[in-house]
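Below is one structure, written out as structure tokens; the observations come after it.
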Amino acid sequence: MLSAQQWRVILALLEDGSRPADPILREGEILDSEEYLTVCYELHHVLLPELAEAGFVEFDRDKDEVRRGTRFEEVRRFLELIDHLHEE
């Protein structure tokens with residue numbers, strides 16, 4: 001679940017250039033309050049900073065927002081390649 005959050009953020013940014021820095025849950029995915037707090041903590045203190053350090057996202061802690069980073073297009077090409085290979 002935690003590592004999936006990084007990919008979920010990247011995929012969400014493909015459709016929209018910015019988004020709230022909240023966990024992304026899939027349909028039917030349910031977390032109790034302790035699990036949700038754990039995911040929030042990991043997202044804000046580990047996962048988003050890792051993506052920001054790599055340049056894939058910009059994480060604005062003050063606005064609690066994530067935007068596409070300077071290297072986002074590299075991730076886009078990777079995801080498009082995966083999608084293309086999946087179709088074959």
Side-chain angles (χ1 to χ4, degrees):
M1 167 64 159
L2 291 175
S3 62
Q5 286 298 310
Q6 286 179 314
W7 287 110
R8 291 176 184 183
V9 168
I10 295 292
L11 289 172
L13 290 174
L14 279 173
E15 296 189 22
D16 190 8
S18 68
R19 60 165 287 105
D22 298 328
I24 300 172
L25 302 180
R26 296 291 180 227
E27 188 174 327
E29 196 170 29
I30 299 171
L31 302 175
D32 64 32
S33 59
E34 187 174 316
E35 291 170 326
Y36 187 81
L37 286 175
T38 299
V39 172
C40 285
Y41 180 84
E42 290 287 326
L43 186 63
H44 286 90
H45 296 284
V46 179
L47 304 176
L48 291 176
E50 285 177 353
L51 289 173
E53 186 176 321
F56 300 137
V57 303
E58 292 179 8
F59 176 37
D60 186 333
R61 288 182 187 271
D62 294 330
K63 293 182 180 178
D64 199 35
E65 182 180 76
V66 182
R67 294 180 296 279
R68 294 175 186 163
T70 56
R71 295 182 60 208
F72 185 81
E73 290 305 312
E74 294 175 36
V75 175
R76 178 191 302 270
R77 287 192 299 271
F78 175 73
L79 292 173
E80 289 170 352
L81 177 63
I82 289 174
D83 190 44
H84 176 74
L85 292 174
H86 180 69
E87 290 175 1
E88 293 178 353

With rounding to the nearest 0.5 Å, note down the distance linking CG in D64 to CG in D22. 6.0 Å
Give me the atom names and distance for the closest heavy-atom approach of R61 to P49. NH2-CG, 3.4 Å
Can you give me the closest heavy-atom contact between V9 and L43, atom names plus distance? CG2-CD1, 4.3 Å
Is the closest side-chain heavy-atom distance between V57 and I10 below 4.5 Å? yes
For the pair R68 (side chain) and E73 (backbone), establish whether a donor and an acceptor sit closer than 3.5 Å, ignoring hydrogens and angles. no
Please examine the side chains of E35 and P23, heavy atoms only from C-beta on, and report whether any two atoms are closer than 4.5 Å. no
Quick check on the hydrophobic clustering: are W7 and V66 connected, directly or via other members, by side-chain heavy-atom contacts under 4.5 Å? yes
Quick check: closest heavy atoms across D32 and E34, and the distance to 0.1 Å? OD1-N, 3.1 Å
L14 and F72 have their tightest heavy-atom pair at N-CZ, 3.8 Å
Nearest heavy-atom approach of A12 to R19 is CB-CD, 3.6 Å
Which atom of S18 lies closest to which atom of E65, heavy atoms considered: OG-OE2, 4.0 Å
If we only count heavy atoms from C-beta on, is the I24 to Q5 side-chain gap below 4.5 Å? yes
When clusters are formed by joining ILVMFWY residues with side-chain heavy atoms under 4.5 Å apart, either directly or through shared neighbours, do L13 and L11 land in the same one? yes
Quick check: is L47 connected to Y41 through a chain of hydrophobic side chains (ILVMFWY, heavy atoms under 4.5 Å apart)? no
Side-chain (H44) to main-chain (C40) donor-acceptor, under 3.5 angstrom: yes
Q6 vs E50, side chain to side chain donor-acceptor pair (under 3.5 Å): CA-CA, chis, key distance, verdict: CA-CA 9 Å; Q6 286 179 314; E50 285 177 353; 3.0 Å; yes
